[in-house]
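See structure below.
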Amino acid sequence: MNKVFLFVFGLLILISQCSNENKQSIAKKAQSTSFVRKDTAEYLDSSKTDNYPLPKSAPLPVKKKVDVEEHIVDSTQIGERGCFKLDLSQIRNQDDEVFVKFSLYQRTEVGWRLNQKKFIQKSNISNLGLIIYDYNNDGYKDIAYKVDAAARGANDMRIIWLFVPETGKLTPIKNASNFPNLRYNKELDCLDSWAIYGGSSTIFLKIEGDSLREFAGLDSFDGYRTTYTINKSGKKRILKKEKIYEDAVYNRYSNYNPLKEYTSASEGSKE
């Protein structure tokens with residue numbers, strides 16, 4: 001009886017040891033097969049990156065081959081001249097998904113210090129078309145790049161990132177990509193948009209916080225031009241509706257009251 005008891009007891013100890021060794025082996029195997037590749041992790045490090053879903057948040061890192069389609073570095077224009085450096089890339093993976101990655105650095109006594117890092121998904125049909133321009137007239141250069149296009153390329157959709165001098169970082173205008181062909185309007189100190197469809201619309205917009213608010217516009221469609229204003233509560237007021245010639249349907253306007261057209265592509269600011 002004692003021999004049987006000792007045999008059973010010893011067998012149980014052996015089984016327990018095997019089980020522990022198996023668990024340790026599984027844990028080691030799981031740890032060794034973590035598959036975030038270094039070249040992908042370089043573009044998306046969740047511990048360092050504050051991702052903003054414009055227009056769609058970037059997925060978790062996956063093991064995919066990536067190609068850098070465009071790479072732009074600027075240290076002379078962005079933010080305060082000569083004090084900041086922008087490193088911007090457009091990246092395409094093997095699934096034909098396209099992402100924008102940028103890093104913003106600030107000059108210090110010992111070199112460039114990383115202030116901000118972003119990784120954002122965008123449409124795969126457009127290039128960056130980067131513009132560096134002061135979109136809110138505060139004396140600091142901001143950036144805008146293409147995220148999509150519509151109307152066979154006539155409607156250029158962009159994200160605008162405003163430079164914030166207090167933080168030394170860029171902050172996005174959340175709904176900028178809802179308004180095609182954005183440009184800074186010097187005459188009204190605002191942004192305006194030009195939407196092209198079966199007609200066209202010039203839309204005047206104020207930057208309020210992190211968004212654009214429409215306050216006036218002109219719709220040219222079906223032989224008529226309608227001028228209107230919109231108050232802060234969203235109520236629309238028609239100022240005038242008048243008949244127009246066919247060749248005026250696609251005019252872009254720099255003012256709605258009094259009515260004034262842009263006379264050339266260079267008038268106003270960069271789109």
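Just so we're clear, the structure is a prediction, and the values are computed from it rather than from any experiment.
In this structure, CD1 on I143 lies 5.0 Å from CZ on F102, to the nearest 0.5 angstrom. With values rounded to the nearest 0.5 angstrom, I207 atom CD1 is found 6.5 Å from I160 atom CD1. Rounding to the nearest 0.5 angstrom, the gap separating the OG atom in S254 from the CG atom in L259 is 8.5 Å.
Within the 3.5 Å criterion, the main-chain N or O of I203 finds no donor-acceptor partner in the side chain of S201. Judged by distance alone, the side chain of Q90 and the main-chain N or O of K122 form no donor-acceptor pair under 3.5 Å. Looking only at distances, no side-chain donor or acceptor of D87 sits under 3.5 Å from a matching main-chain atom of S103. Checking side-chain atoms of S193 against main-chain N and O of P180 turns up a donor-acceptor pair under 3.5 Å. Although no hydrogens or angles enter the test, the distance criterion places a donor-acceptor pair under 3.5 Å between the side chain of N124 and the main chain of D96. Checking side-chain atoms of D134 against main-chain N and O of G139 turns up a donor-acceptor pair under 3.5 Å.
Between R158 and D156, at least one side-chain nitrogen of the basic residue sits less than 4.0 Å from a carboxylate oxygen of the acidic one, meeting the salt-bridge criterion. Using a 4.0 Å cut-off between charged nitrogen and carboxylate oxygen, K174 and D210 count as a salt-bridge pair. A salt bridge does not link R252 with E261: none of the charged nitrogens is closer than 4.0 Å to a carboxylate oxygen.
Ring planes of F163 and Y140: tilted class, angle from 30 to 60°.
Both tests pass for K243 against the ring of Y224: distance under 6.0 Å to the centre and angle within 45° of the axis.
Taken together through direct or relayed side-chain contacts under 4.5 Å among Ile, Leu, Val, Met, Phe, Trp and Tyr, I120 and L86 form part of one hydrophobic cluster. Residues L182 and Y184 share a single hydrophobic cluster, defined by chaining ILVMFWY side chains whose heavy atoms lie under 4.5 Å apart.
Tested against D192 for a side-chain hydrogen bond (donor to acceptor under 3.5 Å, both in side chains), the candidates Y262, Y256, Y253 yield a single pass: Y262.
A side-chain donor from one of R113 and N115 sits under 3.5 Å from a side-chain acceptor of the other.
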Evaluate the side chain to side chain donor-acceptor pair (under 3.5 Å) criterion for residues E70 and Y145: first the C-alpha distance (whole Å), next the side-chain angles of each, then the deciding distance (0.1 Å), finally the verdict.
CA-CA 12 Å; E70 295 183 62; Y145 58 79; over 6 Å; no

